[in-house]
**Q** 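Just dropping this structure here.
Protein chains get the first letters and strands the later ones, always in sequence-line order, with residue 1 at the start of each.
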Amino acid sequence: MSDAPTGNEKSAPRNFIQQIIDADRAAGKNGGRVHTRFPPEPNGYLHIGHAKSICLNFGLAKEYGGKFNLRFDDTNPAKEEQEYVDSIVDDVNWLIAGFGETEGFRVQGSENSSPAPRTPNAEPSLLNPEPFFASDYFDQLYAWATQLIKGGKAYVCDLTAEQMREYRGTLTAPGKDSPNRNRTIAENLELFAQMRDGKFADGSRTLRAKIDMASPNVNMRDPVLYRIKRAHHHRTGDKWCIYPSYDYTHGQSDSIEGITHSICTLEFENHRPLYDWFCRELGIHHPQQIEFARLNLTYAVMSKRKLLQLVQEKHVAGWDDPRMLTIRGLRRRGYTPEAMRAFCERIGVAKFNSTIDMAWLEDAIREDLNERAPRGMGVLRPLKVVLANLKEGETIELDAPNHPQQPEMGSRKIPLTREIFIEQEDFMEDAPKKFFRLKPAGEVRLRCAGIIKCDEVVKDAAGKVTELRCTFDPDHSRKVKGTIHWVSAPLALTAEVRLYDHLFGVENPDNAPEGKTFLDNLNPNSLEVVTDAKLEPSLKDASAGTSFQFERSGYFFVDPLDSKPGRPVFNRTATLRDSWTKESGRD
RNA sequence: UACCCCGUAGUGUAAUGGUAACACUAGGGAUUUUGAUUCCCUCAUUCUAGGUUCGAAUCCUAGCGGGGUAGCCA
């Protein structure tokens, strides 16, 4: 069943792409079909900007009861690797699970497992489970190039890269024709075949479209269709020494797959006339290219080059560092695909070049995890408290709900003992009026336990508070202003907890002063490792890859890589909203 | 300096010729055994100037501002 709008219900806001598709369907274009795709180059890991594109394309296909392809635009063997193909498939599958998709795409074998020939558009379901590869179309692309040559629309050019740059002209000055522009069709055919057969050196010749060297759009000044490049391709191996360019490959790949709406980012706007030119000259199915603004976020950088630099120069631990806005990083941070989808829907899609506030991302994961994460208690910076009226060695079993708003999530036992830990910041000796936590002679509620009164403050020689002596009152009925979390000292689980903050300390890291780079804007406090956090004992069995809310603290994810059975390691996904820190920060 | 695209609360996105809506942030308040959650309230001369129209965020013109484009990268 499709979620396509019926027109009866009050229509939700439609973005400009949905409006285009609505109009196309109303006009009967493509027989009402909607077929989108996500076309990454396998030369790096996916990041949150790609997530926006995936959610958009996949969401559209799902909404309209259409189809969605994953296709690798692998036309530059020098940069592409199988490792990236595998990680991209994995990340895409993870993401579309947020749409309720359980099947996903199959991980592809490398070049050794020669794929069976197939018809790209044959699968009846929402997604074609085998990812597509532009490299699978190399033979067809070659044939089409020959066709263009025969039609006098393409020629072999002998200009070097530098010469070609000179001939291209500038943004304001027209280019001039290549001396080879008027070769005969027969000669072009022969030379192109020789290019393919490895008769020429790398870079010595190209196949170019014959369009218009004086076009105000530089992309139309006889763009390169094929270049000679002897490189091992991750799929086609050494079969080819000429490779098609992006412009020559992308639209035709869309066409072969029966794509109806080819959605890409704004920088390809100037390429659209070329996209259209190829489909028209070749007389093939003509998808519509639509451009939207890529995602920008505050406190983040998004370019592949910069992300790569962060990894290579070890400013982060790797592509999956939880501070990275790569899909892998977000996954390890504890983000859920549902939250990612909600985020992508909320930010919308338009042509305006915008920057989304990072708070929106945090809000999306909080909203999701608030619903589903079971609660627990964890003390990050422990302060010992002795409950003087409790017996030594006595353990009181208390019942704690796993979710205050959802009783169906059940409850767990937490032990109370004479010695407990509370958070250092939950005690203040000289507390301001609005400080609702523990202070000398003051009272505070221990979550799910009872009320304690602070009788004595113990300090070391340096005057640092080392211990509190309190009286415990199990009576729950009294009203006290503050409630704090706590953990049994002797029974606590000591665990490593990693506290993450924005990777960059400023809203726009790229806005670096003269002589500085975005790296100078790194936040030195983006990672704090707490090696001896004290957690309630039930967390000992927390399974890897699950999320918890440590009450009053934040959402934490059991790290899938570093956790061992019985020894979980927690990554903080997000803090809870905290109006006290704001309040106390004021003068 | 050429061409293309874009300008609506602090940030985003709606309203598609009928008098600016929703979300996040921020600031107030209520509830609360998480200072969480939840719930209320507050925050805009739609970049500017002309024009078309009974009526313009929407259409036209000019200006201003922002972004993109000169790889044999994608």
Side-chain angles (χ1 to χ4, degrees), chain A residues 12-16 19 39-41 43 73-76 78-80 157 159-161 164-165 168-175 202-208 215-221 223-229 242-243 245-247 249-250 264-273 291 293 298 304 345-364 366-367 370-371 375 377 400-401 403-405 434-437 445-451 476 478-485 549-554 575-584:
Chain A
R14 316 238 80 206
N15 64 52
F16 79 101
Q19 291 175 22
E41 182 189 16
N43 70 343
D73 269 356
D74 52 350
T75 57
N76 185 358
K79 293 186 176 180
E80 295 149 8
C157 178
L159 256 30
T160 64
M164 199 181 289
R165 198 179 315 123
R168 188 159 37 230
T170 69
L171 293 175
T172 51
D202 281 13
S204 64
R205 282 184 160 89
T206 56
L207 182 74
R208 301 175 68 180
S215 171
N217 182 343
V218 186
N219 294 123
M220 301 299 273
R221 319 238 263 231
V224 169
L225 273 41
Y226 273 90
R227 70 278 213 194
I228 305 171
K229 184 181 288 208
I242 57 171
Y243 290 94
S245 63
Y246 164 83
D247 280 314
T249 308
H250 190 84
C264 62
T265 44
L266 249 28
E267 68 270 26
F268 293 104
E269 227 160 5
N270 294 334
H271 293 242
R272 186 170 5 116
E291 310 86 14
T298 56
K304 267 188 188 177
E345 279 169 6
R346 210 167 297 169
I347 60 177
V349 40
K351 300 189 79 161
F352 178 67
N353 225 306
S354 61
T355 302
I356 307 291
D357 194 325
M358 182 72 90
W360 284 37
L361 186 59
E362 290 162 2
D363 183 70
R366 282 194 194 110
E367 188 175 288
N370 177 51
E371 286 289 314
R375 311 290 129 127
M377 287 199 280
H403 192 118
Q405 279 82 37
K434 286 190 172 174
F435 186 78
F436 303 147
R437 283 108 95 148
R445 184 187 304 279
L446 292 183
R447 173 105 247 238
C448 301
I451 292 166
H476 279 224
R478 260 162 54 231
K479 283 255 183 218
V480 286
K481 190 67 181 169
T483 300
I484 63 173
H485 59 277
Q549 184 199 95
F550 292 176
E551 295 204 30
R552 303 207 315 128
S553 178
T575 62
L576 255 33
R577 279 206 190 81
D578 178 9
S579 50
W580 164 245
T581 304
K582 278 179 205 160
E583 174 75 30
S584 63

**Q** For A:W580 and B:rG35, do the ring centres fall under 5.5 Å apart while the planes stay under 30° apart?
**A**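 Here A:W580 meets both the 5.5 Å and the 30° conditions.
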
**Q** Considering only the C1' atoms, how many Å lie between B:rG29 and B:rG66, rounded to the nearest integer?
**A**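 Rounded to whole Å, the distance is 40 Å.
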
**Q** Ignoring backbone atoms, test whether A:R14 places a side-chain nitrogen or oxygen under 4.0 Å from the OP1 or OP2 oxygen of B:rA14.
**A**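 Indeed not, no polar side-chain atom of A:R14 lies that close.
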
**Q** Please produce a list of atom pairs where a protein N or O lies less than 3.5 Å from an N or O of nucleotides 58-60 of chain B.
**A**
none

**Q** With a 4.0 Å cut-off on heavy atoms, is A:F436 in touch with a base, just the backbone sugar-phosphate, or nothing at all?
**A**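 Base contact.
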
**Q** If you only use heavy atoms from C-beta on, which nucleotide in B:rC5, B:rA14, B:rA70 is closest to the side chain of A:V218?
**A**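 Nearest to the side chain of A:V218 among the choices is B:rA70.
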
**Q** Measuring only the P atom in each nucleotide, how far is B:rG18 from B:rU58? A whole number of Å is fine.
**A**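 Straight-line distance between the two P atoms is 12 Å.
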
**Q** For the side chain of A:E267, starting at C-beta, report the closest nucleotide among B:rG67, B:rU34, B:rG68.
**A**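 Nearest to the side-chain atoms of A:E267, counting from C-beta on, is B:rG68.
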
**Q** Using whole Å, what does the distance between atom P of nucleotide B:rC39 and atom CD of A:Q405 come to?
**A**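 One finds 11 Å between P of B:rC39 and CD of A:Q405, rounded.
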
**Q** Phosphate oxygens OP1/OP2 of B:rA36: is one of them under 4.0 Å from a side-chain N or O of A:S579?
**A**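 The answer is yes; a side-chain N or O of A:S579 sits under 4.0 Å from OP1 or OP2.
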
**Q** Which atoms form the tightest heavy-atom contact between A:F352 and A:A293, and what is the distance?
**A**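 What the structure gives for the nearest pair is O-CB, 3.2 Å.
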
**Q** When the distance from CG of A:N370 to C1' of B:rU37 is rounded to whole Å, what number comes out?
**A**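 Atom-to-atom, A:N370 to B:rU37, this comes out as 5 Å.
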
**Q** Using the P atom as the point on both nucleotides, what is the distance between B:rC43 and B:rA9, in whole Å?
**A**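 16 Å, rounded to whole Å.
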
**Q** Have a look at A:R221 and say if it touches a base, only the backbone sugar-phosphate, or nothing, with a 4.0 Å heavy-atom cut-off.
**A**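 Since no nucleic acid heavy atom lies under 4.0 Å of A:R221, the category is nothing.
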
**Q** Applying a 4.0 Å non-hydrogen cut-off, can you work out what A:I484 is touching in the nucleic acid: base, sugar-phosphate, or nothing?
**A**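 It contacts nothing in the nucleic acid.
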
**Q** A:M220 has an atom CE; how far is it from atom P of B:rC4, in whole Å?
**A**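 Rounded to whole Å, this separation is 13 Å.
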
**Q** Touch check for A:T206, heavy atoms < 4.0 angstrom, all strands: base, sugar-phosphate only, or nothing?
**A**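 Base contact.
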
**Q** Mind running side chain to side chain contact (heavy atoms under 4.5 Å, CB included) on A:R437 and A:W580 for me, showing each step along the way?
**A** CA-CA 11 Å; A:R437 283 108 95 148; A:W580 164 245; 3.1 Å; yes

**Q** Heavy atoms, side chains only, cut-off 4.5 Å: are A:H250 and A:F268 in contact?
**A**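 With C-beta onward as the side chain, the pair stays apart.
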
**Q** So what does A:F550 touch, heavy atoms closer than 4.0 Å: a base, only the sugar-phosphate, or nothing?
**A**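 Touches nothing.
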
**Q** Looking across every strand, which nucleic acid part, if any, lies under 4.0 Å from A:N43 by heavy atom: base, sugar-phosphate, or nothing?
**A**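 Counting heavy atoms under 4.0 Å across all strands, no contact is made by A:N43.
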
**Q** Do A:L207 and A:V224 make a side-chain contact, defined as non-hydrogen atoms from C-beta onward lying under 4.5 Å apart?
**A**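 The answer is no, as the side chains (C-beta and beyond) never meet within the 4.5 Å cut-off.
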
**Q** Between N or O atoms, less than 3.5 Å apart, protein on one side and nucleotides 20-24 of chain B on the other: list the pairs.
**A**
| residue | atom | partner | partner atom | Å |
| --- | --- | --- | --- | --- |
| B:rC24 | O2' | A:W360 | NE1 | 3.2 |

**Q** Judged by atom type as modelled, is there a donor-acceptor pair below 3.5 Å linking the side chain of A:E291 to the main-chain atoms of A:K351?
**A**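 A pair under 3.5 Å: no.
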
**Q** Take atom C1' in B:rG10 and the same atom in B:rG27, then report the distance between them in whole Å.
**A**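 The same atom, C1', in both gives a distance of 12 Å.
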
**Q** Got a donor-acceptor pair under 3.5 Å from the side chain of A:Q549 to the base of B:rU34?
**A**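 Check passes, donor-acceptor contact within cut-off.
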
**Q** Does a side-chain N or O of A:R168 approach OP1 or OP2 of B:rA2 to a distance below 4.0 Å, or not?
**A**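 It does not, given that no N or O in the side chain of A:R168 lies less than 4.0 Å from OP1 or OP2 of B:rA2.
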
**Q** Okay, side chain of A:T298, backbone of A:M358: is any donor-acceptor separation there less than 3.5 Å?
**A**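 Here the side-chain-to-backbone pair exists.
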
**Q** Would the distance check show the side chain of A:E80 and the main-chain N or O of A:N76 forming a donor-acceptor pair, the cut-off being under 3.5 Å?
**A**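 The answer is yes, because a donor-acceptor pair under 3.5 Å joins these two groups.
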
**Q** I'd like the C1' distance from B:rU61 over to B:rC24, given in whole Å.
**A**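 Per the computed distance, 37 Å lies between those C1' atoms.
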
**Q** Under 4.0 Å, heavy atoms only, any strand: does A:K481 hit a base, just the sugar-phosphate, or nothing?
**A**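 Here A:K481 touches no strand at all.
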
**Q** Nearest heavy-atom pair of A:Y243 and A:K229: which atoms, and what distance?
**A**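 Nearest heavy atoms, A:Y243 then A:K229: CE1-O, 3.2 Å.
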
**Q** Looking at every non-hydrogen atom in both residues, tell me the closest pair between A:I242 and A:Y226 and how far apart they are.
**A**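 In terms of heavy atoms, the two residues are closest at CD1-CD2, 3.8 Å.
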
**Q** Of all the choices, B:rA26, B:rC3, B:rC6, which nucleotide is nearest to the side chain of A:P216 once you look at every atom?
**A**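 Looking only at heavy atoms from C-beta outward on A:P216, the closest nucleotide is B:rC3.
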
**Q** Select from A:T172 and A:H250 the residue whose nearest nucleotide in RNA chain B is closer to the 5' end of that strand.
**A**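 This one resolves to A:T172.
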
**Q** Strictly by Watson-Crick or wobble contacts shorter than 3.5 Å, is anything paired with B:rA49, and which nucleotide is it?
**A**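 Answer to the pairing question: B:rU61, which forms a Watson-Crick or G-U pair with B:rA49.
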
**Q** Looking for any heavy atom pair under 4.0 Å, which part of the strands does A:H271 touch: base, sugar-phosphate only, or nothing?
**A**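 Base: the residue A:H271, judged by heavy atoms under 4.0 Å, touches a nucleobase.
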
**Q** So A:L171, base contact, sugar-phosphate only, or nothing? Heavy-atom distance under 4.0 Å.
**A**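 Touches a base.
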
**Q** Between atom CZ in A:R272 and atom C1' in B:rC5, what is the gap in whole Å?
**A**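 Nearest whole value for this atom pair: 9 Å.
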
**Q** Taking only Lys NZ, Arg NE, NH1 and NH2, and the carboxylate oxygens of Asp or Glu, determine whether A:E551 and A:R447 approach each other closer than 4.0 Å.
**A**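 Looking at A:E551 and A:R447, the cut-off is met.
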
**Q** Taking the minimum atom-to-atom distance to the side chain of A:T75, which one of B:rC4, B:rG67, B:rA74 wins?
**A**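 In terms of side-chain proximity for A:T75, the closest of B:rC4, B:rG67, B:rA74 is B:rA74.
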
**Q** Report yes if some heavy atom in the side chain of A:R272 is under 4.5 Å from a heavy atom in the side chain of A:N219; otherwise report no.
**A**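 Result no, sub-4.5 Å side-chain heavy-atom pair not found.
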
**Q** Is A:K351 close enough to B:rG68 that one of its side-chain N or O atoms is under 4.0 Å from OP1 or OP2 there?
**A**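 A:K351 to B:rG68 OP1/OP2: no side-chain N or O under 4.0 Å.
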
**Q** Knowing that exactly one of A:R375, A:R366, A:M377 qualifies, which makes a side-chain contact (heavy atoms from CB on, under 4.5 Å) with A:Q549?
**A**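 Among A:R375, A:R366, A:M377, the one that satisfies the side-chain contact (heavy atoms from CB on, under 4.5 Å) with A:Q549 is A:R375.
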
**Q** Sticking with atom C1', work out how far B:rA30 lies from B:rA49, rounded to a whole angstrom.
**A**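 It comes out at 48 Å once rounded to the nearest Å.
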
**Q** Would you classify A:T483 as touching base, sugar-phosphate or nothing, given that sugar-phosphate means primed atoms plus P, OP1 and OP2, and contacts are heavy atoms under 4.0 Å?
**A**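 Counting heavy atoms under 4.0 Å across all strands, the contact made by A:T483 is with sugar-phosphate only.
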
**Q** Can you measure A:F16 atom CZ to B:rU13 atom C1' for me and round it to whole angstrom units?
**A**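 Nearest whole value for this atom pair: 12 Å.
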
**Q** Please tell me if A:Q19 has a side-chain N or O lying less than 4.0 Å from either OP1 or OP2 of B:rA15.
**A**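 So the side chain of A:Q19 is within the cut-off, an N or O lying under 4.0 Å from OP1 or OP2 of B:rA15.
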
**Q** With both distances under 3.5 Å as the test, what is the Watson-Crick or G-U wobble partner of B:rC22?
**A**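 Result: B:rG12.
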
**Q** Which part of the nucleic acid, if any, lies within reach of A:R445 when heavy atoms closer than 4.0 Å are counted: base, sugar-phosphate only, or nothing?
**A**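 Since a base atom lies under 4.0 Å of A:R445, the category is base.
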
**Q** Base, sugar-phosphate, or nothing: which does A:L576 touch, judged by heavy atoms less than 4.0 Å apart?
**A**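 Base, at least one base atom sits under 4.0 Å.
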
**Q** Any side-chain heavy-atom pair from A:E367 and A:D363 closer than 4.5 angstrom?
**A**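 The answer is yes; the side chains approach within 4.5 Å.
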
**Q** Please check this pair: side chain of A:S215 against backbone of A:N217, looking for a donor-acceptor N/O pair closer than 3.5 Å.
**A**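 Yes, the answer is positive, given that a donor and an acceptor are paired below the 3.5 Å cut-off.
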
**Q** Considering only side-chain heavy atoms of A:R447, which listed nucleotide, B:rU34, B:rA74, B:rG71, is closest?
**A**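 Ranking B:rU34, B:rA74, B:rG71 by closest atom to the A:R447 side chain puts B:rU34 first.
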
**Q** Looking at every strand, decide which applies to A:T160 at a 4.0 Å heavy-atom threshold: base, sugar-phosphate, or nothing.
**A**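 Touches a base.
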
**Q** What about A:E269, does its side chain sit under 3.5 Å from the base of B:rU69 through a donor-acceptor pair?
**A**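 A donor-acceptor contact between them is absent.
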
**Q** Using the C1' atom as the reference point in each nucleotide, state the distance between B:rC73 and B:rA56 in Å, no decimals.
**A**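 B:rC73 and B:rA56 have their C1' atoms separated by 45 Å.
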
**Q** With respect to the side chain of A:R227, which nucleotide from B:rU69, B:rC73, B:rG27 is positioned closest?
**A**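 The answer is B:rC73.
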
**Q** Side chain of A:T170 only, please: which of B:rA70, B:rU32, B:rC73 is the nearest?
**A**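 So the nucleotide nearest the side chain must be B:rA70.
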
**Q** Given atom CZ of A:R208 and atom C1' of B:rG71, what is their separation to the nearest angstrom?
**A**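 In whole Å, B:rG71 C1' and A:R208 CZ are 13 Å from each other.
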
**Q** Could you check whether A:M164 gets within reach of a base, just the sugar-phosphate, or nothing at all, counting any heavy atom under 4.0 Å?
**A**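 Answer is base: heavy atoms of A:M164 come under 4.0 Å of a base.
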
**Q** Looking at B:rC73, I'd like to know if its phosphate oxygens (OP1 or OP2) sit under 4.0 Å from a side-chain N or O belonging to A:K229.
**A**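 For B:rC73, OP1 or OP2 has a side-chain N or O of A:K229 closer than 4.0 Å.
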
